[in-house]
Amino acid sequence: MKHAAAVTQFIIEEFLPDVGESELDADYDLVDGGVIDSLGLLKTIAWLEDRFDLHVEEFDLDPDSFRSVGSISRFIEQAQRHRTESH
């Protein structure tokens, strides 16, 4: 999960300003935990597109891809691999 640190930093800055980076487990369910709601998901997707130069609309969006820092990091890696293979 090479992007986990960047994802963790974004989640904390945007949604959990009173939580330290070491306190957010990579597998913590951000949706069930009430950290990210539907608007937060849109904000997260916009950040992913900007930060990692991804075009999220090119991918099948599975809500489970955005449930945790780990799943978001895996989504980034898969999206980048897909983009590389497509070009």
Side-chain angles (χ1 to χ4, degrees):
M1 291 190 302
K2 67 182 186 177
H3 301 294
V7 173
T8 299
Q9 183 178 0
F10 169 77
I11 296 296
I12 288 181
E13 287 176 1
E14 295 297 324
F15 305 108
L16 297 168
D18 297 330
V19 174
E21 288 186 25
S22 62
E23 297 175 66
L24 182 59
D25 186 68
D27 295 321
Y28 179 74
D29 193 317
L30 300 168
V31 177
D32 284 348
V35 176
I36 294 180
D37 59 12
S38 57
L39 292 177
L41 180 58
L42 293 174
K43 188 174 195 172
T44 301
I45 290 171
W47 175 76
L48 290 172
E49 290 180 323
D50 183 56
R51 172 76 163 75
F52 296 100
D53 192 31
L54 300 177
H55 301 284
V56 175
E57 69 274 359
E58 295 177 6
F59 306 99
D60 290 329
L61 294 182
D62 179 354
D64 288 338
S65 297
F66 302 96
R67 293 191 84 76
S68 68
V69 168
S71 62
I72 295 169
S73 181
R74 286 187 292 277
F75 173 81
I76 296 165
E77 291 171 21
Q78 290 171 351
Q80 288 177 330
R81 193 169 36 252
H82 174 77
R83 184 180 61 202
T84 301
E85 292 170 357
S86 297
H87 288 108

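- Every residue was checked against the side-chain contact (heavy atoms from CB on, under 4.5 Å) condition with Asp18, not counting sequence neighbours, and none meets it.
- Hydrophobic cluster membership differs between Val31 and Ile76, with clusters built from Ile, Leu, Val, Met, Phe, Trp and Tyr side chains linked at under 4.5 angstrom.
- Residues satisfying the side chain to side chain donor-acceptor pair (under 3.5 Å) test with Asp29, not counting sequence neighbours, are Arg67.
- In terms of the side-chain contact (heavy atoms from CB on, under 4.5 Å) criterion, residue partners of Asp37 (sequence neighbours excluded) are, by chain and number, Leu39.
- Glu13 meets the side-chain contact (heavy atoms from CB on, under 4.5 Å) test with Gln9; sequence neighbours excluded.
- Taking both residues in full, the closest heavy atoms of Val19 and Ile12 are given as O-CG2, 3.2 Å, listed atom of the first, atom of the second, then distance.
- To the nearest 0.5 angstrom, Leu16 atom CG is 7.5 Å from Tyr28 atom OH.
- Cluster annotation: Ile36 is connected to Phe66 through the hydrophobic network of ILVMFWY side chains, with a link wherever side-chain heavy atoms come within less than 4.5 Å.
- Using a 4.5 Å cut-off on side-chain heavy atoms (C-beta onward), Val35 and Leu24 make no contact.
- Distance check: Arg74 CZ to Ser68 OG gives 5.5 Å after rounding to the nearest 0.5 Å.
- The side chain to side chain donor-acceptor pair (under 3.5 Å) check on Gln80 picks up His3, with sequence neighbours excluded.
- With sequence neighbours excluded, no residue satisfies side chain to side chain donor-acceptor pair (under 3.5 Å) with Thr8.
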Please tabulate, for side-chain N and O atoms in residues 43-52, each donor-acceptor pair with protein atoms closer than 3.5 Å (sequence neighbours left out).
unit_1	atom_1	unit_2	atom_2	d
Lys43	NZ	Glu14	OE1	2.6
Thr44	OG1	Gly40	O	2.8
Glu49	OE2	Val56	N	3.2

